[in-house]
Amino acid sequence: MGLIFLETLPGPKIFRCRSCKAHSASYDSILSKDFHGRFGRAYLFKRVVNITLGPNEDRQLLSGLHTVNDIYCSCCQQILGWRYEKAFEASQKYKEGKYILEKARMVKEGW
C-alpha cells in the first residue's frame with residue numbers, strides 16, 4: 001500500500017480525528033459553528049487536511065438540496081463529515097467547496 005503522508009498543522013488550536021488523532025483542521029479555518037450533522041453539532045471549515053473524498057451524491061439537508069462528498073480521515077478511514085460540492089439554492093452557494101466536520105468525530109488539541 002505504501003506510506004501515508006500526513007500534514008501537520010501549525011498553531012495552538014487544532015482539531016484531530018477522534019480515532020487516530022491525525023490533524024484535521026485549524027481553529028482559524030472555522031467559518032461557522034452553527035451547523036448540525038448526523039451526530040450533533042458540526043462546524044463549517046474553509047480548509048481541512050488529511051482527508052479523502054467519497055463519491056458525489058445529492059443529499060437533502062436541512063438547508064435544501066446539495067451535492068456533497070463524504071469526507072474520511074486519510075489515516076484511519078473514519079467518516080468525519082462532508083464537503084459541499086454544489087448548492088442548488090442561491091442563498092446556499094457560499095457553502096460550495098467548504099467542509100463540515102462533526103464535533104463528535106473530533107478532539108481538540110491546545111485548548
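Along the sequence shown, residues carry numbers from 1.
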### Query
Linking Ile, Leu, Val, Met, Phe, Trp and Tyr through side-chain heavy atoms less than 4.5 Å apart, which residues share a cluster with Leu65?
Phe88
### Task
Apply the test side chain to side chain contact (heavy atoms under 4.5 Å, CB included) to residues Lys95 and Ser63: give CA-CA distance (whole Å), side-chain angles for both, the deciding distance (0.1 Å), then the verdict.
CA-CA 11 Å; Lys95 295 178 184 176; Ser63 57; 2.8 Å; yes
### For Arg59, all residues meeting salt bridge (Lys or Arg N to Asp or Glu O under 4.0 Å), sequence neighbours excluded
Glu57, Asp70
### Query
Glu85 side chain to Asn69 main-chain N or O, any donor-acceptor pair under 3.5 Å?
no
### Task
Identify the heavy atoms of Ala22 and Leu6 that sit nearest to each other, and give their distance.
CB-CD1, 4.3 Å
### Task
Starting from Val49, walk the hydrophobic network (Ile, Leu, Val, Met, Phe, Trp, Tyr; side-chain heavy atoms closer than 4.5 Å) and list everyone else you reach, by chain and number.
Leu9, Ile14
### Task
Not counting sequence neighbours, which residues clear ring-ring contact (aromatic ring centres under 6.0 Å, His included) with Phe35? List them please.
none
#### Entry: Connected-component partners of Tyr72 among ILVMFWY, side-chain separation under 4.5 Å
Ile79
### Query
Would you say the side-chain atoms of Asp58 and Thr67 include a donor-acceptor pair closer than 3.5 Å?
yes
### Query
Do the side chains of Ser24 and Cys73 get nearer than 4.5 Å, heavy atoms only?
no
### Summary
Between Trp82 and Gly37 the two heavy atoms that sit nearest each other are CH2-CA, 3.8 Å
### Query
Under the salt bridge (Lys or Arg N to Asp or Glu O under 4.0 Å) test, which residues partner Lys93, sequence neighbours left out?
Glu96
### Query
So do His66 and Gln92 actually touch side chain to side chain, heavy atoms under 4.5 Å?
yes
## Note on the structure
On a heavy-atom basis, the closest approach of Cys17 and Val107 is O-CG2, 4.2 Å
### Query
Closest heavy-atom contact between Ile51 and Ser74?
N-OG, 3.8 Å
### Message
If I compare all heavy atoms of Glu102 with all of Ala42, which pair ends up nearest, and what's the gap?
### Response
CA-CB, 4.0 Å
### Stepwise side chain to side chain contact (heavy atoms under 4.5 Å, CB included) test for Tyr84 and Ile100
CA-CA 8 Å; Tyr84 287 102; Ile100 290 289; 3.5 Å; yes
### Message
Just to verify, what does Lys108 make a side-chain hydrogen bond (donor to acceptor under 3.5 Å, both in side chains) with, not counting sequence neighbours?
### Response
none
### Task
Let me know which of Val48, Leu80, Leu44 forms a side-chain contact (heavy atoms from CB on, under 4.5 Å) with Tyr99.
Val48
### Query
Can you name the ring-ring contact (aromatic ring centres under 6.0 Å, His included) partners of His23, sequence neighbours left out?
none
### Message
Please check: side-chain N/O of Arg83 versus main-chain N/O of Ile71, any donor-acceptor pairing under 3.5 Å?
### Response
no
### Message
Tell me if the NZ atom of Lys98 is crowded by more than 12 foreign heavy atoms within 6.0 Å.
### Response
yes
### Message
According to salt bridge (Lys or Arg N to Asp or Glu O under 4.0 Å), who are the partners of Glu89, at least two apart in sequence or on a separate chain?
### Response
none
## Note on the structure
Residue pairs passing the side chain to side chain donor-acceptor pair (under 3.5 Å) test with at least one member in residues 41-52, sequence neighbours excluded, are Glu7-Arg47
Under 3.5 Å, side-chain donor or acceptor atoms of residues 26-34 against the rest of the protein: list the pairs with distances, not counting sequence neighbours.
unit_1	atom_1	unit_2	atom_2	d
Ser26	OG	Asp28	N	3.2
Ser32	OG	Asp34	N	3.1

### Message
Once salt bridge (Lys or Arg N to Asp or Glu O under 4.0 Å) is applied, do any residues pair with Arg16, and if so which ones, sequence neighbours excluded?
### Response
Glu109
